[in-house]
Chemist: 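Let me begin by handing over the structure; questions about it come next.
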Amino acid sequence: MDRATPVAHSEEIELYIRTYYSLLRSSAPIRVRSLEETHAAMNSSLHQQAESEDVDVSALVYCALRLPPCISETKLMVMGQMEDVFRRAGYDVESWHPVRARARRRKLFFDPETRVLAAYIASVSDIDDLIPCVTTFQIEWNKIHRKLETGDLAQRLMSLVDDDQYAPLELMEEVRSALSLSSADFGRLGQIWPGRMLVQNLALAARARLDMRITVLGSGLSDYRRSVQHWWGKIAEKCAHLNLTARPIYLVSSNVHSLVNLVSGSVWEAREEMLEFVREHNPEDLWSEYQALAREGDGSLANFLYYVSRLYASRVDNGGSHRRRVAEREAAVGITRISDPHCLDVEAQVVELRSIRREWLDPRVSILNDAEWEALSRSDALIFNIDYPLGMAAYHIFSQVSTAIDRLQGVYILGKAATLNGRVGDVMIPNVVYDEHSSNSYLFRNCFTAQDVAPFLEFGTVFDNQKAVTVRGTILQNRDFMHVFYEEGYTDIEMEAGPYLSGIYEDIYPKRYPVNEIVNLFINAPYDIGLIHYASDTPISRRQMLLSKSLSYFGVDATYAASIAVLRRILAREAQRQMQNGNTGSTVHVDASVLFGLQQG
C-alpha cells in the first residue's frame, strides 16, 4: 500500500508566510503595504484578482465578514494573547470598545481616539488568519480609493455623510459604474455595509487610502499556553460544583447550539410563538419554507425551529423572557454554560448525562430502553462541549483539557470544511488526516460511519472513509495546492483535525507529536475518536464558494445530522458503560443498530 505523504509545496505561499513572520519579529509595527506584493504573488484561491485593478468583491466580502466594521478606520492592529500582554505594552484594551466580526469568533477591542484595534490571538493560526485577511482588505479598499478619488464623486459622497443624508439612487449608480461593478456585486457591498454604512465607507475610501500597521506583542509558545490555562481556570471556577477534573468526560468540539437544543427541547416549548414570529416578520423568507416543511416529518420541522430560535432570541425575545425560559430549561437538564471564559473567545458547555430528561430529548436521539435510562441516571459522566477553536488553538485547548481531567471517554470533532468532490451540505467522515502544521499523516479508526449520519440528513450525501487535509489558513491556498491533494485522493480541507490529532497523540504516547511521519493511532487509542465535517465550500468546482455566503439555514440539516450522530453515540456508550459496571446482572440492550446510528422505528 502506498503510504507516501502528499507534497503540496508552493514557493509563493511559503515565501508569503516567511515574509510576514520574519517582519513581525521587528520590535516596531510593520506596514501591511510591505506584504502586498508577496500576498498577491501566491495567487490565493480566495483572492484571485489581487494583482488586477478590478475590485475583487468576493475577496473583499469574505474578509470584511471576518474583520470588525472599524477596520476601515484602523491605523494599527495589535495582537496579543492575554490582557496582561497588552497591559505590559501600555494598552489598557479592556477599557476600549468591544467590537466583533460577523463571521469569525475573536475577542477584539477598538480605541476610536488612537484608532488602534486590539485582537486576542489563541495560536499561530490566528496570525495566519488575520494577516492575509487584513492584507486582502487593504488591497481591495485601495482599489476602491483609486477608482473614486478623481472627479467630484468623492466630494459628493462626503457631503452626504456630513449632512447625514441618504444617497440618491442616481449617485449610487454613478458610484457603481465608477467601480466597474455589476449590480449584483454592488449589492453585496450593501450587505456587508448595510444602511448608511455603505455611503460612509465609500466616502471614506474615496477620501483616503488604507495604510495599516500590525504588531504582535507576545509571540512565544508559553504565551499561548498561559492564555489557555487562564481559559481553563475560568471554566473550572464556574463549574466547581461539577468537579470537572475527577469525572469521566466526553469531549465534543462543535458549536454552542446544536447539542443543547437536542437535549433541552426548548424550541418545542416556544414553538407557537416562534412560528408566529416567522409568519409576521418572515425573515429570510422562512414562512414559505415552513409551509413546505409542515407537510414533512418532525425531523425537518425540528431543524427549522432550531434555526428560527436564534433569530427569534436576537430580534424579539420580549425583554429577555425567552432567554430566561431557555436558561431555566437548560439548568433543569444539567446544562452549564460558560459564555465568556476570558482570553479565548471559545464558549464551553457542560452537560450532566444523569440529568438529561428522556421526554425532552429530540425524538431522533431517544434510543435507549427503560433499563438503559435507569443505568444512565446513575452516570457520573459529563459532556464537555466547546465552540470549535481555530486551527492550532485546538491543539492547545485539547492539551490543557486532557492534562486537567482524569478520564477521557471520547473525543468528537464536528466542523465545517471545503469539499473537493462533493456539494455544499454534504457530510465527510475521514479516517486519514494530513496536517500541514506537523507534516504528519494521521491514520485512525473513526468511530462514525455513513450509516450513523445518513438517516438524519435530508438534503446532502454522506461520504465516509475520506482523506482530509488540515491547512494553515483559508486564504493560504491556491488552486495548484488543492489539485495536488485532490490527485492524491484528499477530498476534505479544514483547519482543526490535525491539531486535535496531534494533541491526542501526546495524550496516548509519552512524547511530543512527531514531524513528517505517518502516525498510526489505530492501536493504542483508549477512547472513541470521531470526526465529522460538513461541506460549506467547493473551491475547485466553484458551485459554491466560502468567499461570500455562509451555510445559513441550508447548513442546519448537516449540522444537526452530525450532532445527532454524536449524541446518540455518547448516550449509547455511556449506558453500556454503566450497565457493564453495575451489579444488576442485566445484559446490555444497546445493539448494533443503535451503535451504528440506524434510525429506530
Chemist: When rounded to the nearest 0.5 angstrom, what is the spacing between CD in Q578 and OG in S379?
Modeler: 4.5 Å
Chemist: How far apart are the closest heavy atoms of E436 and V471, and which atoms are they?
Modeler: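 For E436 versus V471, the nearest heavy atoms are OE1-CA, 3.3 Å.
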Chemist: Distance only, no hydrogens: is a donor on one side chain within 3.5 Å (strictly under) of an acceptor on the other, for Y395 and E506?
Modeler: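 Yes, because at least one side-chain N or O of Y395 sits under 3.5 Å from a partner of the opposite role on E506.
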Chemist: Please check if any side-chain donor atom of Y307 sits under 3.5 Å from a side-chain acceptor atom of E284, or the reverse.
Modeler: yes
Chemist: Counting C-beta onward and ignoring hydrogens, is there a side-chain heavy-atom pair between D345 and D387 closer than 4.5 Å?
Modeler: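 Heavy-atom side-chain distance check fails, nothing below 4.5 Å.
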Chemist: Sub-3.5 Å donor-acceptor pair from the side chain of R569 to the main-chain atoms of G410, do we have one?
Modeler: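 Not confirmed, R569 side chain does not pair with G410 backbone.
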Chemist: Going by atom types alone, do E496 and T470 pair a side-chain donor with an acceptor below 3.5 Å?
Modeler: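 No, no side-chain donor-acceptor pair sits under 3.5 Å.
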Chemist: Got a donor-acceptor contact below 3.5 angstrom from the N520 side chain to the F522 backbone?
Modeler: yes
Chemist: Could you pull out every donor-acceptor pair under 3.5 Å between side chains of residues 258-266 and any protein atom, sequence neighbours left out?
Modeler:
from: S258; atom 1: OG; to: N255; atom 2: OD1; distance (Å): 2.9
from: S258; atom 1: OG; to: N255; atom 2: ND2; distance (Å): 3.2
from: S258; atom 1: OG; to: S563; atom 2: OG; distance (Å): 2.8
from: N261; atom 1: ND2; to: H257; atom 2: O; distance (Å): 3.2
from: N261; atom 1: ND2; to: Y560; atom 2: OH; distance (Å): 2.8
from: S264; atom 1: OG; to: V260; atom 2: O; distance (Å): 2.9
from: S264; atom 1: OG; to: S266; atom 2: N; distance (Å): 3.4
from: S264; atom 1: OG; to: S266; atom 2: OG; distance (Å): 3.4

Chemist: If you look at every heavy atom in R100 and P69, which pair is closest and at what distance?
Modeler: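 In this case the closest contact between R100 and P69 is O-CD, 3.5 Å.
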Chemist: Have a look at F384 and tell me which of V350, L242, V252, L408 forms a side chain to side chain contact (heavy atoms under 4.5 Å, CB included) with it.
Modeler: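 Considering V350, L242, V252, L408, a side chain to side chain contact (heavy atoms under 4.5 Å, CB included) with F384 is found only for V350.
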Chemist: When you measure from the side chain of D464 to the backbone N and O of I429, does any donor-acceptor pair fall under 3.5 Å?
Modeler: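 Pair absent, no side-chain N/O of D464 close to backbone of I429.
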Chemist: Run through D452, V453, T559 and flag the one making a side chain to side chain contact (heavy atoms under 4.5 Å, CB included) with I532.
Modeler: V453
Chemist: Any side-chain donor-acceptor pair under 3.5 Å between Y534 and D426?
Modeler: no
Chemist: Just so I know, are the side chains of V333 and R329 near enough to count as touching, which here means a heavy-atom distance under 4.5 Å?
Modeler: no
Chemist: On a heavy-atom basis, which atom in A450 and which in P455 lie closest, and how many Å separate them?
Modeler: O-CD, 4.5 Å
Chemist: For a 4.5 angstrom cut-off between non-hydrogen side-chain atoms, does P430 reach K467?
Modeler: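 Result no, sub-4.5 Å side-chain heavy-atom pair not found.
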Chemist: Just by distance, no angles: are the side chains of N465 and N431 close enough, under 3.5 Å, to form a donor-acceptor pair?
Modeler: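 Result is yes, a qualifying pair exists.
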Chemist: If you measure only the distance, is there a donor-acceptor pair under 3.5 Å linking the side chains of R364 and N303?
Modeler: yes
Chemist: Are the side chains of N581 and Q576 in contact, using a 4.5 Å heavy-atom criterion?
Modeler: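 No - every pair of side-chain heavy atoms lies 4.5 Å or more apart.
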Chemist: Could you tell me which non-hydrogen atom of S441 sits nearest to which non-hydrogen atom of Y434, and how far apart they are?
Modeler: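 Smallest interatomic distance, heavy atoms only, reads OG-CD1, 3.5 Å.
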Chemist: Compute the ring centroids of Y513 and Y505, then answer whether they are less than 6.0 Å apart.
Modeler: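 Aromatic pair excluded; centres sit 6.0 Å or further apart.
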Chemist: Check whether any side-chain N or O of R445 sits under 3.5 Å from a backbone N or O of I529 as a donor-acceptor pair, and report yes or no.
Modeler: no
Chemist: Please determine whether a side-chain nitrogen of the Lys or Arg among E352 and R247 lies less than 4.0 Å from a carboxylate oxygen of the Asp or Glu.
Modeler: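 Yes, charged N to carboxylate O under 4.0 Å.
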Chemist: Quick check for you: to the nearest 0.5 Å, what is the distance between R568 atom CZ and R573 atom CZ?
Modeler: 15.0 Å
Chemist: Whether the side chain of D557 engages the backbone of E458 through a donor-acceptor N/O pair (distance < 3.5 Å, no angle test) should be reported.
Modeler: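 Yes; at least one donor-acceptor contact below 3.5 Å.
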Chemist: Without hydrogens or angle criteria, can the side chains of Q349 and N385 be said to hold a donor-acceptor pair below 3.5 Å?
Modeler: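 A pair is found: one side chain offers a donor N or O, the other an acceptor, under 3.5 Å apart.
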Chemist: May I ask you to decide whether K416 forms a salt bridge with E494, counting only side-chain N to carboxylate O separations under 4.0 Å?
Modeler: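 Answer for the salt bridge query: no.
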Chemist: Side-chain donor-acceptor pair under 3.5 Å between E574 and Y250, yes or no?
Modeler: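 Yes, because at least one side-chain N or O of E574 sits under 3.5 Å from a partner of the opposite role on Y250.
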Chemist: Checking side-chain hydrogen bond (donor to acceptor under 3.5 Å, both in side chains) for the pair S502/Y442: CA distance, chi angles, key distance, verdict?
Modeler: CA-CA 9 Å; S502 293; Y442 288 101; 2.7 Å; yes
Chemist: For the residue pair Y62 and T474, confirm or rule out a side-chain donor-acceptor distance under 3.5 Å.
Modeler: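 Yes - a donor-acceptor pair under 3.5 Å links their side chains.
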Chemist: Measure the shortest side-chain to side-chain distance between V346 and I397 over non-hydrogen atoms and say whether it is less than 4.5 angstrom.
Modeler: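 SC-SC contact between V346 and I397 confirmed.
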Chemist: Side chains of F398 and L251, heavy atoms from C-beta outward: is any pair under 4.5 Å?
Modeler: yes
Chemist: Got a second to check how far S288's OG is from D285's CG, nearest 0.5 Å?
Modeler: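 Answer for the OG-CG pair, S288 versus D285, is 3.5 Å.
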Chemist: Measure from the side-chain N and O atoms of R102 to the backbone N and O of L65, and report whether any donor-acceptor pair falls under 3.5 Å.
Modeler: no
Chemist: Quick check against the 3.5 Å criterion: does E372 have a side-chain atom that pairs as donor or acceptor with the backbone of N369?
Modeler: yes
Chemist: How long is the straight-line distance from CG of N440 back to CD1 of I518, given to the nearest 0.5 Å?
Modeler: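 I518 CD1 to N440 CG: 9.5 Å, rounded to 0.5 Å.
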Chemist: Go through the structure and list residues passing salt bridge (Lys or Arg N to Asp or Glu O under 4.0 Å) with D370, not counting sequence neighbours.
Modeler: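 Counting only residues at least two positions away or on another chain, D370 forms a salt bridge (Lys or Arg N to Asp or Glu O under 4.0 Å) with R358.
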Chemist: Can T245 and D406 be said to form a side chain to side chain contact (heavy atoms under 4.5 Å, CB included), step by step?
Modeler: CA-CA 6 Å; T245 58; D406 181 40; over 6 Å; no
Chemist: Validate the cation-pi geometry between R271 and W268: distance from NZ or CZ to the six-membered ring centre under 6.0 Å, angle to the ring axis within 45°.
Modeler: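 So R271 doesn't make the cation-pi contact.
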Chemist: Taking atom types as modelled and ignoring hydrogens, do the side chains of D507 and Y527 form a donor-acceptor contact shorter than 3.5 angstrom?
Modeler: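 Result is yes, a qualifying pair exists.
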Chemist: Whether the side chain of K238 engages the backbone of R337 through a donor-acceptor N/O pair (distance < 3.5 Å, no angle test) should be reported.
Modeler: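 Side chain of K238 to backbone of R337, a donor-acceptor pair under 3.5 Å: yes, one is there.
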Chemist: Does N446 reach the main-chain N or O of L531 with its side chain, forming a donor-acceptor pair under 3.5 Å?
Modeler: yes
Chemist: Give, for atom CG of L305 and atom CZ of R310, the distance between the pair rounded to the nearest 0.5 Å.
Modeler: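 Reported value, rounded in 0.5 Å steps: 14.5 Å.
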Chemist: Can you find a pair of side-chain heavy atoms, one from Y500 and one from V433, that are under 4.5 Å apart?
Modeler: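 Of all side-chain heavy-atom pairs linking V433 with Y500, none is under 4.5 Å.
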Chemist: Stepwise, does the side-chain hydrogen bond (donor to acceptor under 3.5 Å, both in side chains) test hold for Y306 with D362?
Modeler: CA-CA 11 Å; Y306 293 146; D362 187 297; 2.7 Å; yes
Chemist: Could you state the interatomic distance from CG (L244) to OG1 (T336), rounded to the nearest 0.5 Å?
Modeler: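 One finds 8.5 Å between CG of L244 and OG1 of T336.
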Chemist: Run the numbers on F444 and V519 for side chain to side chain contact (heavy atoms under 4.5 Å, CB included), then give the verdict.
Modeler: CA-CA 9 Å; F444 62 100; V519 180; over 6 Å; no
Chemist: Can you name the side-chain hydrogen bond (donor to acceptor under 3.5 Å, both in side chains) partners of R325, sequence neighbours left out?
Modeler: E273
Chemist: Test your reading of the model: is there a side-chain donor-acceptor pair from S366 to the backbone of P363, 3.5 Å cut-off?
Modeler: no
Chemist: Can you check whether L521 reaches Y509 side chain to side chain, under 4.5 Å on heavy atoms?
Modeler: yes
Chemist: To check you understand the geometry: which heavy-atom pair defines the closest contact between Q466 and N421, and what is its length?
Modeler: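 Here Q466 and N421 meet closest at OE1-ND2, 4.4 Å.
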Chemist: From the options R472, R105, R106, select the one residue that forms a salt bridge (charged side-chain N to carboxylate O under 4.0 Å, His left out) with D129.
Modeler: R106
Chemist: So which atom in A122 and which in A393 form the shortest heavy-atom distance, rounded to 0.1 Å?
Modeler: CB-CB, 3.8 Å
